[in-house]
Every structure is written in C-alpha cells, then in structure tokens.
Amino acid sequence: MAKIGLFYGTQTGNTETVGESIQKEFGGESVVDLEEICNAAPNDFANYDCIIVGCPTWNVGELQSDWEGFYEDLDSIDFTGKKVAYFGSGDQVGYADNFQDAMGILEEKISSLGGKTVGYWPTDGYDFDGSKAVKNGKFVGLAIDEDNQSDLTDSRIKTWVAQLKSEFGV
Ligand SMILES: Cc1cc2nc3c(=O)[nH]c(=O)nc-3n(C[C@H](O)[C@H](O)[C@H](O)COP(=O)(O)O)c2cc1C
C-alpha cells in the first residue's frame, strides 16, 4: 500500500488525468494509490494518513455526481489526524460565479470531520467572480482549469506537488 491515497471523481476525464499526473509527479504507484470515488468504500480512507481529494464542479456549483453520491458516506469516516489536500477542475470563464465550488464544499465537510487541510494555493493568475473554494484569500487546494488554461496545468501540478511533499512530509 502506498503512503498517500488519492480519491477522485470525474465526468469527462479531466480530473482523472490530473490525478494521474499528480501520482506521477509524486513518484508513481509506490507513493500514491489512485482510487475513483465511485469504486471506493468509506473504510478505504482509513488506510492513509495523507489523502488527496479531487473533484470537478458540475451543474453550476455542484459536486461531480459520484462525489455527490459519496457525500453522506463522508460522515462515517474519522479524519482526525489526517492531512487532506484538495484539487479541483473548473471553468473560470463559463462559470465565473461558481469557479471550483466543489473543492470548497468537500473541504468544508472534511475539515469539519477532523481533516487538516494542506496544499492551499494562491488565486493569482485566475480571473473569476466567486468561489466557495476561496478561504482567507487563497484556494483551499489546487485549481485546474483545462477549459481555459490547460497550458498552465503541468507547471501548476509540479509546483503544488513540491509544496505537498513538504507539507505531507514524504
Ligand atoms: C454543464 C456544466 C456545468 C459546469 N459547472 C461548473 C461550475 O459551476 N463551476 C466550474 O468551475 N466549472 C464548471 N464546469 C466546468 C467543468 O468543471 C470542467 O469542464 C472540468 O474540467 C470537468 O472535469 P471532469 O472532466 O473531470 O469532469 C461545468 C461544465 C459543464 C459542461
């Protein structure tokens, strides 16, 4: 079993691709286990002290549907003592009032269940009007925009993973 568990949901594949790049950047399967949330059970989270959660925002400010289905199950997971990092996929032009809301919804829930949020990310370089994923002037995790800024995705992942390696202590 790897040290870090990465749980993601996706509708059209972008968040899965980003998850795979994050895994690769950490050093591959020996460091990060990838699990699609539609195949996950609440017990799977118990295996990891370091967790990465990936979710795109859909239907104007909503969780991706598999995460929607798992949302109530989160209540049965003890996140106490776990470090949790978040990444999201969104579209800052098409959905400027709800950019990356899903990342914020999951962070609020999981931190209320004891998870310690790591991997905060600056809002510099993005242009949007509102987001549930911004707290104290920063995103609660890595914001990816494949619709408008796909050219920045690789460098954003590299920078964020380097930050997380230090915050996770791996
Ligand atoms: C109908 C629809 C609704 C969307 N709603 C939002 C939204 O509210 N906020 C946002 O940031 N992105 C929104 N998006 C953009 C998607 O999150 C984005 O395309 C993302 O990369 C999809 O990720 P996935 O391929 O992992 O499903 C929406 C896209 C569509 C087609």
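All figures in this text were calculated on a predicted structure; none of them were measured in a lab. Both ligands and their constituent atoms are indexed starting at 1 by order of listing.
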Novice: Counting only nitrogen or oxygen atoms and a 3.5 angstrom limit, does N98 reach ligand 1?
Specialist: yes
Novice: Test your reading of the structure: does E16 have an N or O sitting under 3.5 Å from an N or O of ligand 1?
Specialist: no
Novice: Within the 4.0 Å heavy-atom shell around S89, which atoms of ligand 1 are there?
Specialist: 17 (O), 20 (C), 21 (O), 23 (O)
Novice: Which ligand 1 atoms are under 4.0 Å away from a heavy-atom of Q11?
Specialist: 24 (P), 26 (O), 27 (O)
Novice: Could you identify the single nearest non-hydrogen protein atom to atom 12 (N) of ligand 1 and state the distance to 0.1 Å?
Specialist: D91 N, 3.1 Å
Novice: At what distance is the nearest protein heavy atom to atom 14 (N) of ligand 1, and which residue and atom is it?
Specialist: T57 O, 3.3 Å
Novice: Is it true that the side chains of D33 and Y48 contain a donor and an acceptor less than 3.5 Å apart?
Specialist: yes
Novice: If the cut-off is 4.0 Å to any non-hydrogen atom of T10, which atoms of ligand 1 fall inside it?
Specialist: 24 (P), 25 (O), 26 (O), 27 (O)
Novice: Can you confirm, on distance only, whether ligand 1 has an N/O atom lying under 3.5 Å from any N/O atom belonging to E146?
Specialist: no
Novice: Would you say Y95 and ligand 1 have an N/O pair spaced under 3.5 Å apart?
Specialist: no
Novice: Is the closest N or O pair between P56 and ligand 1 shorter than 3.5 Å?
Specialist: no
Novice: Given S150, G61, A143, G9, identify the one with the heavy atom nearest to atom 8 (O) of ligand 1.
Specialist: G61
Novice: Under 4.0 Å, counting heavy atoms only: does D101 come that close to any atom of ligand 1?
Specialist: no
Novice: Going by the rule ring-ring contact (aromatic ring centres under 6.0 Å, His included), which residues pair with F26 if we only count those two or more places apart in sequence or in a different chain?
Specialist: none
Novice: Hey, are Q149 and Q92 close enough side-chain-wise for a donor-acceptor pair under 3.5 Å?
Specialist: yes
Novice: For D73, I'd like to know if atom CG has over 12 heavy atoms of other residues, nucleotides or ligands within 6.0 Å.
Specialist: yes
Novice: Considering only protein heavy atoms, which is closest to atom 25 (O) of ligand 1, and at what distance to one decimal place?
Specialist: T12 OG1, 2.4 Å
Novice: List every atom of ligand 1 that sits less than 4.0 Å from any heavy atom of G90, numbering the atoms from 1 in the order shown and giving each element.
Specialist: 10 (C), 11 (O), 12 (N), 17 (O)
Novice: Is there a donor-acceptor contact under 3.5 Å linking the side chains of E68 and Q64?
Specialist: no
Novice: Answer yes or no for Q100: is there a heavy-atom contact with ligand 1 below 4.0 Å?
Specialist: yes
Novice: Salt-bridged, E107 to K135, with N to O below 4.0 Å?
Specialist: yes
Novice: Show, in sequence, the C-alpha distance, side-chain angles and deciding distance for S89 and T15, and conclude whether the side chain to side chain donor-acceptor pair (under 3.5 Å) test is met.
Specialist: CA-CA 6 Å; S89 305; T15 309; 2.8 Å; yes
Novice: Using the ring of each side chain (for Trp, its six-membered ring), is F99 parallel, tilted or perpendicular to Y126, with breaks at 30° and 60°?
Specialist: tilted
Novice: How close do I157 and S21 get, counting heavy atoms only, and between which atoms?
Specialist: CD1-CB, 3.7 Å
Novice: I52 and side chain to side chain contact (heavy atoms under 4.5 Å, CB included): which single residue from I22, L142, V84 fits?
Specialist: I22
Novice: If you have a sec, work out which protein heavy atom is nearest atom 21 (O) of ligand 1 and how many Å separate them, to one decimal?
Specialist: N14 ND2, 2.8 Å
Novice: Within a distance under 4.0 Å of any heavy atom of D147, pick out the atoms of ligand 1 and give their elements.
Specialist: 18 (C), 19 (O), 21 (O)
Novice: Any ion pair linking E25 and K158 (charged N to carboxylate O, less than 4.0 Å)?
Specialist: yes
Novice: Please compare F128, W58, F99 and report which has the shortest non-hydrogen distance to atom 30 (C) of ligand 1.
Specialist: W58
Novice: Is K109 salt-bridged to D75, going by a charged N under 4.0 Å from an acidic O?
Specialist: yes
Novice: With a heavy-atom distance limit of 4.0 Å, tell me whether N59 approaches ligand 1 through its side chain, its backbone, both, or neither.
Specialist: backbone
